There are 2 protein chains.
Amino acid sequence: MRAVASKSRMGSRGRPEQSRAAILRAAVREFAREGIAGARTDAIARAAGVNKALLYYYFKDKEALYEAVIDQVFGGLTANVHEVLARRLPPRAKILAYVGAHFDYVASNPLYPPIVHGELMRARRGSTPQFERIVKQYFRPLFTKIAEVLRDGQATGDFRQVDPMHFIPSMIAVIVFYFSSVAPVMRLMTGINPMVPERLAQRRASVLDFISAALFTHPAQQPEGEPK
Amino acid sequence: MRAVASKSRMGSRGRPEQSRAAILRAAVREFAREGIAGARTDAIARAAGVNKALLYYYFKDKEALYEAVIDQVFGGLTANVHEVLARRLPPRAKILAYVGAHFDYVASNPLYPPIVHGELMRARRGSTPQFERIVKQYFRPLFTKIAEVLRDGQATGDFRQVDPMHFIPSMIAVIVFYFSSVAPVMRLMTGINPMVPERLAQRRASVLDFISAALFTHPAQQPEGEPK
DNA sequence: ATAATCTAACTAACTGGTTACTTAAGTTGT
DNA sequence: ACAACTTAAGTAACCAGTTAGTTAGATTAT
């Protein structure tokens, strides 16, 4: 009767990958909003439009679902950012490209910073083997690459003599903090929606300006947008 | 009948303030480590060396206890920081004094940043009247005072033309991020304990250097410690 | 072709452990 | 007498995870 379009194995309701993806997407939202302890599997299932038992059909337990979320978040970031760091660019341009890419990634995935932060909080109270994996797989390579760029720029005289071990975290703080912390306060203090494109562009320019001033030896020509 | 040897386990302990304070201190630890959803009232009572019913004797419920914690955290910060901001100092010295004071406050209360962050996360998913109070009472005055200093410094030509609305959050990000996020990663990546006095001094110098470079128009004489 | 059978995908309803919070009756120091 | 506690038992809600199925398309046998 029915010409089967795809080779995919179907269930009673349709594309299984679609269901899995819906669950993951809902889990990202829920974990971002409520944190790992506050997230409710019932809420995830409801948001995904799926029975709760299906969560356990696709994922061993809440923890496994959380880890899938974590991998999606970090995987996306490193894919984006490493591509930029692999380009052949002079140190200044490369750092600005990296900062811009990192900013753009979190700006278009504003749910991710709270998730990352949640994971860091978890690591505070006892490092799991899971967290060691994340550090090895995602943090360390990123850190190493950026540290290289910093050393290059210092060698050419473009960058001030900063300690990468402290400078890199400060830089990331400036990039990410807006999304993980500033937004709600700003919304309440100014009435402005901080996630609207115009504000995001403003913030982006401000971040690039801040980091340029903190790192470059001499004032530097404008990067791309006008600084503010 | 029974000569009570110890300072007594049962009944009145004399100073009620002491019990209340013990509960609050334990609550700070628990909320910092586990977040608001993850915190367990049983754990707080046990850590305070007090029966769980006593929590409810002093605090209406978990939420009220949490709010008491929040007020302690923010109250302490503003007390410390406003004192510095009220001093008669030239803009550069005042900003550096503020950053130093803010840093010192969180460095000697490393449990506070996670609590603040938890509160901000909570505000993300729907602003409570409680959070509005916090913004009005703590955030807005602090923001206003720092913005004044920035304007002063810009008027004297000491500071670059930055937008306070973006610069202030970035500055706070650099101050706080180490405690709320970097520490666990650093411990795992380098094996170094990030909270040891030597590292803290290093971090402090680095933060002052970073912010000075980002804000001051010309390189500036060294603030107090040597920059790194 | 058709019926029988298989299997992945999915659901409604439940289970049992956990957790915030309460109650009531008593103890102790001032 | 009164405020500051302790003890112990309990309740109701909540919530992660399970169970025992149902459904629909795919495969196989006839």
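The chains referred to below are lettered A, B, ... by the order of the sequence lines, with proteins before strands, and numbering in each begins at 1. This one's a predicted model, so the numbers in the text were calculated from it and none came from an experiment.
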Quick one: which of B:Val149, B:Asp163, B:Ile146 gives a side-chain contact (heavy atoms from CB on, under 4.5 Å) with B:Ile168?
B:Ile146
Nucleotide of C:dA9, D:dT7, C:dA20 approaching B:Ala53 most closely (side-chain heavy atoms):
D:dT7
Please evaluate the base of C:dA12 for a donor-acceptor partner in the side chain of A:Asn51 within a cut-off of under 3.5 Å?
yes
Given C:dC21, C:dA9, D:dT6, the nucleotide with the shortest approach to the side chain of B:Val50
D:dT6
Ring centroids only, cut at 6.0 angstrom: are B:Phe143 and B:Tyr138 within range, meaning strictly under it?
no
Are A:Phe31 and A:Tyr66 close enough that their ring centres sit under 6.0 Å apart?
yes
Any protein N or O atoms within reach of nucleotides 17-19 of chain C? Criterion: under 3.5 Å, listing atom names and distances.
residue, atom, partner, partner atom, Å
C:dT19, OP1, B:Arg40, NE, 2.9

Does A:Ser19 have a side-chain nitrogen or oxygen under 4.0 Å from the phosphate oxygens OP1 or OP2 of C:dC10?
yes
If you measure from the Lys or Arg side-chain nitrogens to the Asp or Glu carboxylate oxygens, is any gap between B:Arg122 and B:Glu63 under 4.0 Å?
yes
Among the nucleotides C:dC21, D:dA4, C:dC10, which one has an atom lying closest to any side-chain atom of A:Tyr57?
C:dC10
Would you mind checking if B:Arg125 and A:Glu34 are paired as a salt bridge, meaning a charged N to carboxylate O distance below 4.0 Å?
yes
Which pairs with one or both residues in residues 110-134 of chain B pass ring-ring contact (aromatic ring centres under 6.0 Å, His included), sequence neighbours excluded?
A:His117-B:His117, B:Tyr105-B:Tyr112
Once you build an axis from the first five pairs and another from the last five of the helix from C:dA1-D:dT30 to C:dT30-D:dA1, how far apart in angle are they, to 10 degrees?
10°
Would you indicate what A:Phe59 reaches in the nucleic acid, counting non-hydrogen atoms under 4.0 angstrom: base, sugar-phosphate, or nothing?
nothing
Take atom CZ of A:Arg20 and atom C1' of C:dA8, then tell me their distance rounded to the nearest Å.
15 Å
